[in-house]
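These notes concern the structure reproduced below.
Read the numbers this way: they start at 1 and go in the same order the structure lists the ligands and their atoms. These numbers come from a predicted model, not from an experiment. Keep in mind that the numbers below use all heavy atoms, side chains included, and drop hydrogens, waters and symmetry copies.
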Amino acid sequence: MASGGRVTSLSRLHFGRNWAACRNYCRKFCTVRKHDVNSHRPFLCHPNSYCTFRTIKQHILCSQHCGEAWLQPNSRPTSTDQEHKSAVSSPYKLVAEDLSTLCNDIKKELSPSPAELKLLSQYHFDGKGKAFRPMVVMLAAKACNIHYHQHPTNNALLASQRVVAFIAEMIHTASLIHDDVIDLAATRRGRPSVQEAWGQRNAILAGNFIMSAACVALARIRNTEVIKILSQVLEDLVSGEFMQLGSKEDEDERFNHYLQKTYKKTASLLANSCKAVAVLSGCDESSIEQVYQYGRNIGIAFQLVDDLLDFISTEQLMGKPTAADLKLGLATAPVLFAAHQSNGIAHTKFLAEQHSNEAIKQISMLFPSDERNALITLTHNVLHRLK
Ligand code: FPP
Ligand code: MG
């Protein structure tokens, strides 16, 4: 059998963009479901099938090879993807107007600061981010308002829900600025990170400042339940990041540790922000729980895909360093699965799909609306995103 390295270089050198030939070659090396092989998506290897490579190093190389092959065809939408897109509500369009003021709203919260701190803390609020979290929170808020009134026209955001949406973006951005200090990352969103541009001490202060401004905005909502819900996110973020610094000796405990860390580091913000807007909508307890579970599951799926992309994508495409987890010695899902002699990429993808399906199941219990359907569409976008 050829080594993993040979597979990678052979595919690059000999097949280029000739996917049919690459697919046949790939077939020899990966045990994949027939229809996945035919659509040339080795990424979707059946979770119960085993990659022919046996060592972690070989798995990683093989995964990179498979991932690379998966990225390209997926970036060209198939007719089924297009049909799906036109048949469902566009998540972005439904909240475009509300999102258009997001950066300005945040900048206002950050303006009572010394000039340089203002510059640093406003650096990432330039409208170029994905605004994924505020988009989810706004859609969840609208879907909850409709659910509460049991009528599709009652979808306007409440002022307090709008504040929760921008607080979610502020918390997220502050945590990334701190994360880049911890990870020593030089780039973020395709340009120098705050720590690269202004140094670590300034970056820590900028993150702290954004976080404290978010707390001031939160207190202004004057709802103790919402304050409690969003304060939990801050605790989770720090303990999740701290958990990431350590691991477990015992192999079985290691995966639970990873999943718990994933919830705290990423999913808690989405889950609890969704919960906060559900509370503000006046929805009943069980609907609040369903919206929370939607956020929790899409959040876990999002981080699993993030860990995959860190593994297989490029810095150019992502706008931030890739293979960062491996370099930092962090065992994320692709490596943890590979350590169990299974196809790390396929298993991670499968797990992300399971969480995405659970998110769909939970949100489908709300009153039907375009916003609710858009939240379902977002679960697909999370699974198939390339950056
Ligand atoms: C990105 O991780 C990091 C996070 C999602 C959270 C980081 C949290 C902290 C640093 C704690 C600080 C918290 C507060 C309240 C200020 P990643 O490195 O996997 O993702 P990346 O590839 O985008 O860097
Ligand atoms: Mg990082």
Tyr292 six-ring centre to Lys275 NZ/CZ under 6.0 Å and within 45° of normal:
yes
List in chain and number order the residues that pass ring-ring contact (aromatic ring centres under 6.0 Å, His included) with Tyr123, two or more places apart in sequence or in another chain; answer none if no residue qualifies.
Trp198
Evaluate Lys142 against Asp370 for salt bridge (Lys or Arg N to Asp or Glu O under 4.0 Å), listing each step before the verdict.
CA-CA 9 Å; Lys142 288 181 176 222; Asp370 284 350; over 6 Å; no
Within residues 210-219 or reaching into it, pairs that qualify as side chain to side chain donor-acceptor pair (under 3.5 Å) - sequence neighbours excluded
none
Gln290 side, atom CD; His147 side, atom NE2 - distance, nearest 0.5 Å:
7.0 Å
Assess whether atom CD of Gln150 is packed by more than 12 heavy atoms of other residues, nucleotides or ligands within 6.0 Å.
yes
Backbone of Ala168 reached by a side-chain donor or acceptor of Arg133 within 3.5 Å
no
Between Ser175 and Asp179, a side-chain donor and acceptor under 3.5 Å:
no
Measure across Cys144 and Ser281 and return the closest heavy-atom pair with its distance rounded to 0.1 Å.
CB-OG, 3.5 Å
Which N/O atoms of ligand 1 sit under 3.5 Å from a protein N/O, and at what distances?
residue	atom	partner	partner atom	Å
ligand 1	2 (O)	Lys265	NZ	3.0
ligand 1	18 (O)	Asp179	OD1	3.4
ligand 1	18 (O)	Asp179	OD2	2.9
ligand 1	18 (O)	Asp183	OD2	2.8
ligand 1	19 (O)	Lys265	NZ	2.7
ligand 1	22 (O)	Lys320	NZ	3.2
ligand 1	23 (O)	Arg188	NH1	2.7
ligand 1	23 (O)	Arg188	NH2	3.3
ligand 1	23 (O)	Lys320	NZ	2.8
ligand 1	24 (O)	Asp179	OD2	2.9
ligand 1	24 (O)	Arg188	NH2	2.8

Give the total of protein N/O/S atoms at a distance below 2.8 Å from the Mg ion (ligand 2).
2
